[in-house]
Amino acid sequence: MNKLSSMRHWPERMSPANFSMSRANMGMQAAINPRRDIAAQGPPPIAAPPVPDGPINYSFNVPFASDLAGPNTEDILHATTDAVLRWTHPEEAPDDVPVYELPVHAMNLAHLRQLCREITANPMPIEAHVISTTPKRVNGQVTTVCLSGAPDLVQQTRETILNHTPLSLRCTTVVVDGHLVANLSEGVLKKSVTDFLDETSVFCGVDIFLLGPKLTSPTGDLNGDVDLLRDQRWRVAIYGDYLSSEHAKTRVLIHIDQLLGRIVDATTFDPSMHQLLCGRNRKNIKLIESVTNTAIYFPPPFSSCYRYCPPNAQRRDPTKVLITGETPQAIEQAKFRIHELLTRIRLFVKDVTIPPAKIDSILLSRMDKVRKITEANGSFIMFPPLGSRKGMVRVQAVENLHVERSLRELMALVGQFYTASWIFMQPDTRQPGNQDIQAMLGDICANSDADVLFDRQSFAITGSDESVKDALMVISQIKFAVHAPYQIRVRIELANEHKEFVSGKKNGKINKIMGHSNVQIMFDNFGEYNFNIEVIAQSYDSLKQGLALVEQEMPASISFHVPDQYHKRIIGIGGQHIQRIMKKHSVFVKFSNAMDRGGMGREDDDSRVDNVICRTPARNAQNLELVKSEILEMVDRADSEFTSQVVSVDRLYHRQLLTRLPEIEELERTWNCKIVFPSTEQASDEVTVTGPQWNVAKCIDEFLGMVPDKHEVVLERAPQLINYLESPDFVQTIVPKLKNQYEVELTVHENAEERTEDGSPTVTLLWTFTRNNAGGLRDAMEFLQTQFATAGVEPVIFRGAIPRPKSDTFEESLPFFNSKLLQHAPAPVVTDSPTRPSFGEEVARERSILACLRKPGSMSSISSFLDRRKNSSQSAANFFKGSSNVSKSSLISIESTRSFNADRNPWNDSGVNLPDDEGNPWSTGPTYVNGVDKLMVPQPGDVTPRHHPRQSADSGRPSTSHSTNSGYPGPLAGPFR
């Protein structure tokens with residue numbers, strides 16, 4: 001990869017004057033490459049005619065997110081005004097009614113039609129029409145707007161429509177403990193909470209639902225069980241557009257903090273400084289929160305790009321940062337540290353020009369990736385407003401290196417979008433009328449998701465790589481488009497550093513493609529970061545073939561981390577090792593050390609970035625993982641491939657963990673891992689641990705050792721049981737043995753308010769442990785059950801039993817054999833255990849319990865819901881069956897991950913996706929031996945974990961037929977030699 005200093009000279013060296021494939025330089029090119037077949041190139045390219053001043057037709061899709069479904073009506077405990085009417089189907093609706101027919105989606109479509117009618121009725125010479133279709137390529141409805149009029153008016157009208165329409169509706173969820181929103185003893189919701197939700201709904205312009213505990217989809221565990229898991233917390237579901245839902249979400253989080261007794265305050269400063277203050281991966285702000293024990297809520301980024309606001313709603317102040325803390329002194333200390341950090345920030349700013357159409361595409365479909373870029377580099381990217389047709393983008397950061405990294409990754413994102421033109425050489429006077437043109441453009445947009453402009457002399461297409469190719473395919477099927485002579489141009493944007501890679505030595509690759517497919521290929525518009533590859537053809541079939549060949553020569557690459565001390569060993573004396581690997585697989589490998597990444601002594605995040613890049617043409621993408629595996633074989637196991645694993649920890653407990661930040665940093669140094677907490681405003685439970693694949697599991701095990709957990713078992717009170725629990729043998733022998741042998745503490749409590757169905761008193765056994773020892777809970781409970789049996793005590797379980805794990809034998813198939821000798825295993829016991837919940841046959845019963853609360857007007861019936869939850873008495877015969885003293889952290893599924901860095905290949909956003917080999921004999925999944933589950937320990941030489949395939953609509957490089965048709969080779973047949 002070229003250094004930044006040399007990159008600035010690319011425009012002079014690689015300008016169109018110095019390099020071109022046009023006919024004007026044909027003599028020079030023939031002199032350079034005498035073998036080039038000039039006749040095979042076809043006629044010279046003809047310049048595109050200028051856009052006429054007359055009326056044009058422009059069509060684009062409106063991203064309504066009409067596939068967003070409402071909540072399950074059985075889970076609804078409270079809903080804001082008219083929310084149920086908007087997000088649920090009427091009772092008389094059939095069962096198979098599609099999601100896009102929900103009243104909320106129908107209302108949004110009706111409002112858009114009304115807006116377009118008002119635009120058409122306006123005295124200005126502009127027409128706007130709405131077309132709704134259900135193409136086969138998507139599972140839902142596609143809404144297309146067709147505009148016709150003068151070019152300036154068309155663009156202004158498009159901007160108006162995009163900024164007056166709720167785009168990309170979403171549902172965001174906040175979990176909350178039930179006792180904060182409901183009076184559990186009385187069984188009613190707190191009126192202050194419901195009033196707050198109603199007020200927030202009106203203030204932010206969103207719909208809010210309070211939902212019961214979530215029943216997740218079936219998942220497997222170490223014992224082969226398949227259970228329905230339930231989160232004990234209740235959920236607040238917020239439906240709305242991006243800015244409105246984020247505004248409401250923050251208000252809900254602030255209110256939860258107030259219910260927990262925290263104080264709220266705010267500070268204001270420029271939005272462009274928010275991400276710079278947070279630092280890379282929010283390192284600075286997490287440090288402030290850990291020292292002051294506060295929670296800091298930033299406004300959503302890029303709020304200046306979107307102007308839509310629901311009627312009668314208020315937008316959040318983009319300059320206000322909210323802070324909650326235990327005491328006023330803590331909040332003042334946090335504000336002081338924030339302003340102190342602001343005074344020390346040095347700004348590095350740089351502007352770059354991007355085509356306005358591609359900026360709009362990024363704002364509508366790639367902002368999640370832009371947000372990752374800004375968080376990884378601690379930078380701020382300022383885009384122009386949506387639809388404004390402005391092309392200047394500004395990037396600022398605290399270091400010039402981070403500015404360059406952000407710009408390169410942003411420009412790589414720009415390269416995911418193509419532009420194309422279908423130009424009529426001799427316009428036919430028998431062109432279709434306005435209504436036919438609207439129907440034609442609507443059909444093209446609906447089947448391709450691209451923006452299409454038609455001016456009766458040409459089609460202009462903009463969109464993602466696949467969208468543009470789909471649009472060209474649809475146009476090629478239109479009779480009048482192919483009746484007269486035409487020319488097709490497709491423009492691809494690529495990083496300057498890949499010019500030599502694509503063109504080959506003496507432009508050999510390009511010459512071969514042009515001769516083979518009868519297309520013209522031109523390189524032009526060399527900027528500081530990207531240049532354009534323009535593929536020109538006189539027929540659609542030639543362009544399709546030539547474009548596919550060009551895409552196969554595009555760079556496909558993967559990047560990963562190898563500690564710097566192994567680089568010399570891998571490269572070998574005189575590069576002999578790495579040269580052998582590169583020649584064997586036809587893959588280029590580049591190493592970067594600390595000096596290449598910005599010098600020694602940089603912050604710790606730079607020590608874990610990807611410093612090895614493997615690059616090859618897309619047609620050879622299947623060899624990338626083979627090269628990676630060979631390189632990692634020369635690395636010690638402790639420093640093997642860096643992977644990432646997500647651990648779920650209650651978001652409110654993140655604050656307690658951040659106060660132990662020195663211990664976490666020591667844990668990171670011990671295992672060479674990085675523990676990343678989510679941002680406060682995300683309200684996510686997911687903590688990401690990144691490091692060498694052999695150390696991540698151990699790091700997570702120690703990290704979970706800092707997270708406490710508990711489980712309650714409620715027994716029916718009996719004199720014999722109480723005598724045993726108060727006996728010296730139980731207090732002095734059993735309880736210490738549970739602590740020493742099973743890492744579980746047991747305490748006995750009595751709750752006078754909790755009684756059985758017949759009103760008998762109860763006694764509670766409280767088991768406390770850390771999350772890494774959760775697997776020993778069942779063994780500890782089995783041990784206690786054995787002691788109960790030895791002492792002659794028969795406890796009656798009222799709540800909290802843990803079921804026996806399903807056997808991995810053939811007992812489920814025994815009913816097919818009519819034999820009295822074969823016994824059947826009893827059904828699993830229903831449990832309310834938060835450690836290993838299982839519902840089994842009571843799932844339907846739980847659903848019916850929530851059914852009594854699904855209407856907003858039936859809040860008084862929560863008491864029946866709480867009573868039924870408690871009434872699940874079980875006999876002692878089914879108590880504590882099964883054993884699995886295995887830590888939850890043993891379930892680590894290693895998954896490759898990449899980090900952002902300046903030397904990373906811009907096309908690596910998508911990487912090379914190799915499909916999984918099903919039935920791989922080297923798989924490291926759990927195996928079963930004699931009915932006992934054991935994790936197979938990976939041996940040296942095991943295959944490298946692979947990336948999950950991405951969708952083509954989000955590819956980091958132009959998709960090719962080789963992108964997802966590669967995989968690992970099978971094991972060698974025959975005996976080992």
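- At distances below 3.5 Å, not a single donor-acceptor pair connects side-chain atoms of Thr688 with backbone N or O atoms of Val646.
- The backbone N or O of Ala295 lies less than 3.5 Å from no partner atom in the side chain of Thr680, so there is not a single donor-acceptor pair.
- Shown here is Asp195, whose CG atom has more than 12 heavy atoms of other residues, nucleotides or ligands within 6.0 Å.
- The shortest distance between side-chain heavy atoms of Phe459 and Met440 falls below 4.5 Å.
- Gln155 and Glu159 share no side-chain donor-acceptor pair at under 3.5 Å.
- Not a single donor-acceptor pair under 3.5 Å links the side chain of Ser365 to the backbone N or O of Ile362.
- With Ile359 as the partner, the side chain to side chain contact (heavy atoms under 4.5 Å, CB included) test is satisfied by one option alone out of Val393, Leu386, Leu364: Val393.
- Among Lys390, Arg366, Arg158, the single residue meeting the salt bridge (charged side-chain N to carboxylate O under 4.0 Å, His left out) criterion with Asp360 is Arg158.
- Distance check: Ser388 OG to Gln156 CD gives 12.0 Å after rounding to the nearest 0.5 Å.
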(request) Would you check, one step at a time, whether the test side-chain contact (heavy atoms from CB on, under 4.5 Å) holds for Arg86 with Met107? (result) CA-CA 9 Å; Arg86 281 192 288 264; Met107 290 170 54; 4.1 Å; yes
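- Looking only at distances, a side-chain donor or acceptor of Trp422 sits under 3.5 Å from a matching main-chain atom of Ala481.
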(request) Give the C-alpha distance, both sets of side-chain angles, the deciding distance and a yes or no for side-chain contact (heavy atoms from CB on, under 4.5 Å) between Thr81 and Ser201. (result) CA-CA 8 Å; Thr81 306; Ser201 173; over 6 Å; no
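- Ile478 approaches Ile444 most closely through the heavy-atom pair CD1-CD1, 4.1 Å.
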(request) Determine, step by step, whether Arg651 and Leu253 satisfy the side-chain contact (heavy atoms from CB on, under 4.5 Å) criterion, reporting the C-alpha distance in whole Å, the side-chain angles of both residues, the deciding distance to 0.1 Å, and the verdict. (result) CA-CA 11 Å; Arg651 69 172 187 88; Leu253 293 174; 3.5 Å; yes
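- Asp650 is listed as a side-chain neighbour of Arg233, based on a closest heavy-atom distance under 4.5 Å.
- Shown here for His274 and Pro318, the closest heavy-atom pair between the two residues is CE1-O, 3.1 Å.
- In this structure, Trp87 and Tyr239 have tilted ring planes: the angle between them lies in the 30° to 60° band.
- When all heavy atoms are compared, the tightest approach of Ile126 to Ser148 is CD1-O, 3.2 Å.
- Here the side chains of Val181 and His255 are not in contact, with every heavy-atom distance at 4.5 Å or above.
- With values rounded to the nearest 0.5 angstrom, Ile208 atom CD1 is found 13.0 Å from Lys249 atom NZ.
- Within 6.0 Å of CD on Glu101 lie more than 12 heavy atoms contributed by other residues, nucleotides or ligands.
- A side chain to side chain contact (heavy atoms under 4.5 Å, CB included) with Leu441 is found for exactly one of Ile131, Leu453, Val452, namely Val452.
- The aromatic rings of Phe480 and Phe454 lie perpendicular to each other, with more than 60° between the two planes, well past the 30° mark.
- Counting heavy-atom neighbours within 6.0 Å of Glu118 CD, excluding the residue itself, gives a total above 12.
- Of all heavy-atom pairs between Tyr306 and Leu363, the closest is OH-O, 2.7 Å.
- In terms of heavy-atom proximity, Val206 sits nearest to Ala248 at CG2-CB, 3.7 Å.
- Counting heavy atoms from C-beta outward, Arg371 and Pro301 have side chains that approach closer than 4.5 Å.
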(request) Take Thr173 and Leu211 through the test side-chain contact (heavy atoms from CB on, under 4.5 Å) and record every step on the way to the result. (result) CA-CA 10 Å; Thr173 305; Leu211 308 177; over 6 Å; no
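- Taken to the nearest 0.5 Å, the CD1 atom of Ile437 stands 10.5 Å off from the SG atom of Cys146.
- His247 contributes no side-chain N or O that, together with a main-chain N or O of Gly205, makes up a donor-acceptor pair within less than 3.5 Å.
- Paired with Thr144 under the rule side chain to side chain donor-acceptor pair (under 3.5 Å), one option of Asp443, Thr133, Asp449, Asn61 passes, and it is Asn61.
- Side-chain atoms of Thr419 do not come within 3.5 Å of backbone N or O of Thr462 as any donor-acceptor pair.
- Atoms OG1 and CG, on Thr88 and Asn72 in that order, are 11.0 Å from each other to the nearest 0.5 Å.
- To the nearest 0.5 Å, atom OG of residue Ser648 and atom CD of residue Glu686 are 7.0 Å apart.
- For Asn57 (side chain) and Gln438 (main-chain N/O), no donor-acceptor pair under 3.5 Å exists by modelled atom type.
- You'll find the side chain of Leu147 reaches within 4.5 Å of the side chain of Phe60, heavy atoms only.
- Pro63 places a side-chain heavy atom less than 4.5 Å from the side chain of Ser168.
- Between Glu246 and Arg170 there is no salt bridge, since none of the side-chain N atoms of the basic residue sits less than 4.0 Å from a carboxylate O of the acidic one.
- Within the 3.5 Å criterion, the main-chain N or O of Gly212 finds a donor-acceptor partner in the side chain of Arg235.
- Using a distance-only test at 3.5 Å, with no hydrogens or angles considered, a donor-acceptor pair links the side chain of Ser476 to the main chain of Met473.
- How far SG of Cys445 is from OH of Tyr58: 8.5 Å, rounded to the nearest 0.5 Å.
- A heavy-atom distance below 4.5 Å is not found between the side chains of Asn434 and His129.
- Residues Leu112 and Phe64 meet the side-chain proximity criterion, which asks for heavy atoms closer than 4.5 Å.
- What you find for Leu169 and Asn108 is that their closest heavy atoms are CD1-ND2, 3.4 Å.
- Using a 3.5 Å distance cut-off with no hydrogens or angles, the side chains of Arg316 and Thr250 do pair a donor with an acceptor.
- Under a 3.5 Å cut-off, the side chain of Lys358 and the backbone N or O of Phe417 do form a donor-acceptor pair.
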